[in-house]
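Side-chain atoms are counted along with the backbone in the values below, which use heavy atoms only and exclude waters and symmetry mates. Each ligand, and each atom within it, is numbered from 1 in the order the structure gives. The structure presented is a predicted model; accordingly, all values stated were derived computationally and were not measured.
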Amino acid sequence: MRKIAILGFGTVGTGAVESFYYHKDLIEKRAGETDIKYILDIRDFPESPYKDKVIHDFSLIENDPEIAVAAELMGGTNPALDFTKRLLKKGISVVTSNKELVARHGAELISLAKANGCSYLFEASTGGAIPIIRTLGDSLSANVIYKIQGILNGTTNFILTKMLEEQMTFSDALKLAQDLGYAEKDPTDDISGADSARKICILASLAFGKHIKPEWVRTVGIDRVTKEDMAYAESIGAKIKLVAVASKEPDSEKIFITVEPHLVCNNHQLSVVSDVFNAVMVDASSAGRLMFYGRGAGKLPTASAVLTDVCAALTADGSLNNDVWEDCEEDIIIKTDGQEGLPILE
Ligand code: HSE
């Protein structure tokens, strides 16, 4: 039997395990007989119904010939990078929700997977439940992508919504987002825009075929958004939202990329994206404008994406069509559109 290992039993790991057993019959119909054999974590979970699967020694997984897929749900780069490389070198496919790792090392890990006849899949890294990675990596293969605009961080969208609609304070809204399992371990990554920057890099790398690095992205978080800014937005028929944008002119190598609070006018489609929801708008040569919408964070929505990749990795070569990200230098990036003040989406 081809079995699964879960690396990291936090919010996403718990969601993946619970959702796996809830959907086991369905998953097995689609991907063949399988089971979760190990759950790797540094902690013990004596109260968990899955406590007997919990291990602390990574080498059990990498040396077990029954393991066909590992779901790396730990986050961060250390030890996730080392573990991922060791698994791929053994021909074990890795699926991940780890946007930091994909944004920084995606090109290398995709190549390593190919060289070893397995897959590195990352649907859960961006947009939570929204199937945007496979869309850009497969479904739009015969299109030139011109532009991607999106609300890519559930926590900040949740906070801005609660502040606007329920007059909650910033810190109360953040606390609620943490309690609901939306925020990063260090929520500064959400608030500062760093999480959105990693995600727009992943989408831009898929769309434009160049490996765009998070440190090249002009990134402004929501920490500088004041009540006055929000009142001003309301007075002109707009809302403030943290929007990530990446675009490329068809006849140019240059890529414009930014993450910053935008004034989103109330008649713009992104203005209705509230709470923990994310949305991604894609402008493509033949398909035209597309919009994808769904829950951007949380245990089960993220588990949906993780388990979809697990099924893909178990069934066949689940790799994406256009997943070659060429190396490039920072001078490919345009960081500003030259406008003063908050950008407006009309
Ligand atoms: N902290 C992230 C968010 C989790 O709020 O969007 C999902 O990537």
### Name of the residue among Phe20, Tyr21, Phe45 meeting ring pair (Phe, Tyr, Trp, His ring centres under 6.0 Å) with Tyr50
Tyr21

### Query
Taking the side chain as C-beta and beyond, is there a heavy-atom pair between Glu260 and Val245 under 4.5 Å?
no

#### Entry: Which of the ligand 1 atoms, numbered from 1, are nearer than 4.0 Å to a heavy atom of Lys199
2 (C), 3 (C), 6 (O), 7 (C), 8 (O)

#### Entry: Path from Leu242 to Tyr293 over hydrophobic side-chain contacts below 4.5 Å
no

### Query
Taking atom types as modelled and ignoring hydrogens, do the side chains of Tyr38 and Asp64 form a donor-acceptor contact shorter than 3.5 angstrom?
yes

### Query
Counting both backbone and side chain atoms, is some N or O of Ser125 under 3.5 Å from an N or O of ligand 1?
no

### Closest protein heavy atom (residue, atom, distance) for atom 5 (O) of ligand 1
Thr155 OG1, 2.6 Å

### Query
Just checking, is any N or O donor in the side chain of Asn266 or Lys239 under 3.5 Å from an acceptor N or O on the other one?
yes

### Message
Out of all atoms in ligand 1, which are within 4.0 Å of some heavy atom of Asp190? Include the element for each.
### Response
1 (N), 2 (C), 3 (C), 5 (O)

#### Entry: Heavy atoms from other residues, nucleotides or ligands near CD of Glu215 exceed 12 (cutoff 6.0 Å)
yes

## Note on the structure
closest protein heavy atom to atom 8 (O) of ligand 1 is Lys99 NZ, 2.6 Å

### Message
Hydrophobic clustering (ILVMFWY, side-chain heavy atoms < 4.5 Å, transitive) - are Met163 and Val264 grouped together?
### Response
no

## Note on the structure
In this structure, atom 2 (C) of ligand 1 is nearest to the protein heavy atom Glu184 OE2, 3.1 Å

### Task
Measure Asn153 to ligand 1 on non-hydrogen atoms and call it side chain, backbone, both or neither using the 4.0 Å cut-off.
both

### Message
Any atom of ligand 1 sitting under 4.0 Å from a heavy atom of Gly296?
### Response
yes

### Task
May I ask you to check if ligand 1 and Gly154 share an N or O to N or O distance below 3.5 Å?
yes

